[in-house]
Every structure is written in structure tokens, then in C-alpha cells.
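Each remark here refers to the structure printed beneath this line.
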Amino acid sequence: MIHEERLKPMIKMAMFDKNDGKACKPMIQYARTDYISMQLLGSFVTGTIAFVLLCVMWGLYDTQELMKMLNGAYIFDLLKGVLVKYGIFMVVYLTVTYIVYQIRYSYRRKQVKVYYKNLKEINMIYEREEKLKSPSQQE
């Protein structure tokens, strides 16, 4: 027999599992600091790769200027400029990463709490049904 009281939370849970379940799995497995630290580490690697690719693209685009800097005594100035730009790029990139994943974690953690609330509601309904069945079986 279908119980409508039980059906509504079950539908909500099924929709959550289908749509957001995989995205919210890390919020169950990891603490906030661990999750954000993992994302920052990944962003550090991808940010470094992106910066290197941008430098290569600039070098290919402005080869003549690059050769002037490499042939003269401007190598240290070039390296210093690249390192300063890398530092600024990484600080901005990692700050944005931190903010984005902080917001994602908070939002998805709230979704997980709603999921657990629905799960508790269903569990209470089942327990209540079991209590109602038990006295009638003993008579």
C-alpha cells in the first residue's frame, strides 16, 4: 500500500540522488578545510600550467621583444617580472578558487542536511508504522 506521507520525502530524496547526489558526495566524505585544501592544490597545479601556457603564447606572439630581452642584460629583469606576475596571478587565482569552493561547500552541505532531514522523516514514519503494527499482532 502506498502511503502519501512517505512518498513526498522519498521523491525529494530520489530527485536529490539523481540530480545533486554525486556533486554532494565530497561534502559527506570531507571536512570543509580538507575539501577546500584539495581544491586549492588542484588549482595551484592548473594555475601554474595556465600561466606557463600564457607565457609561451606571449613568447610566440612577441618573439622579437623576447629575443631582445634574452640577448641583452635584461634576463634578470625578465625573470623578475615573470615571477612577480606569476605571484600576482596565483594569489588572485587561488583567492577566487577559495571563495568559489567555500560557497559550493556551504551550499551543497545545506542540500545534504535537507536530504538527511528527509531520511529521518521517512525513518520516523516507518517506526511509527511498526509501532502501530506491533500491538495488533500481539492480541
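From a predicted model like this one, the values you see are computed outputs, not experimental measurements. Count residues from 1 along the sequence.
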Open item on the list: Can you tell me how far apart CZ (Arg108) and OH (Tyr35) are? Round to the nearest 0.5 Å.
Closed with: 6.0 Å
Open item on the list: Let me confirm one number: the OG1-CD distance from Thr33 to Gln102, rounded to the nearest 0.5 Å.
Closed with: 10.0 Å
Task: Six-ring centre of Tyr101, Arg104 cation under 6.0 angstrom, axis tolerance 45° - done: yes
Open item on the list: Please tell me whether Met57 and Phe89 are part of a single hydrophobic cluster in this structure, the criterion being side-chain heavy atoms less than 4.5 Å apart.
Closed with: no
TODO: Using ring-ring contact (aromatic ring centres under 6.0 Å, His included) as the criterion, list what pairs up with Phe44, not counting sequence neighbours.
DONE: none
Task: Nearest atoms (heavy-atom pairs only) where Ser106 meets Arg32 - done: OG-NH1, 2.9 Å
- [ ] Could you state whether Leu79 and Val82 fall into the same hydrophobic cluster, counting links through intermediate Ile, Leu, Val, Met, Phe, Trp or Tyr residues with side-chain heavy atoms under 4.5 angstrom apart?
- [x] yes
Open item on the list: Set out, in order, the CA-CA distance, both residues' side-chain angles and the distance that settles side-chain contact (heavy atoms from CB on, under 4.5 Å) for Lys85 and Phe51, then state yes or no.
Closed with: CA-CA 9 Å; Lys85 289 174 185 168; Phe51 187 80; 4.1 Å; yes
TODO: For the residue pair Tyr98 and Ser43, confirm or rule out a side-chain donor-acceptor distance under 3.5 Å.
DONE: no
- [ ] Group every Ile, Leu, Val, Met, Phe, Trp and Tyr by side-chain heavy-atom contacts under 4.5 Å, then state whether Val92 and Leu41 land in the same group.
- [x] no
- [ ] Using a cut-off of 6.0 Å, state whether more than 12 heavy atoms not belonging to Met38 lie near its atom CE.
- [x] yes
Open item on the list: Nearest 0.5 angstrom please: Leu94 CG to Ile99 CD1, how far?
Closed with: 11.0 Å
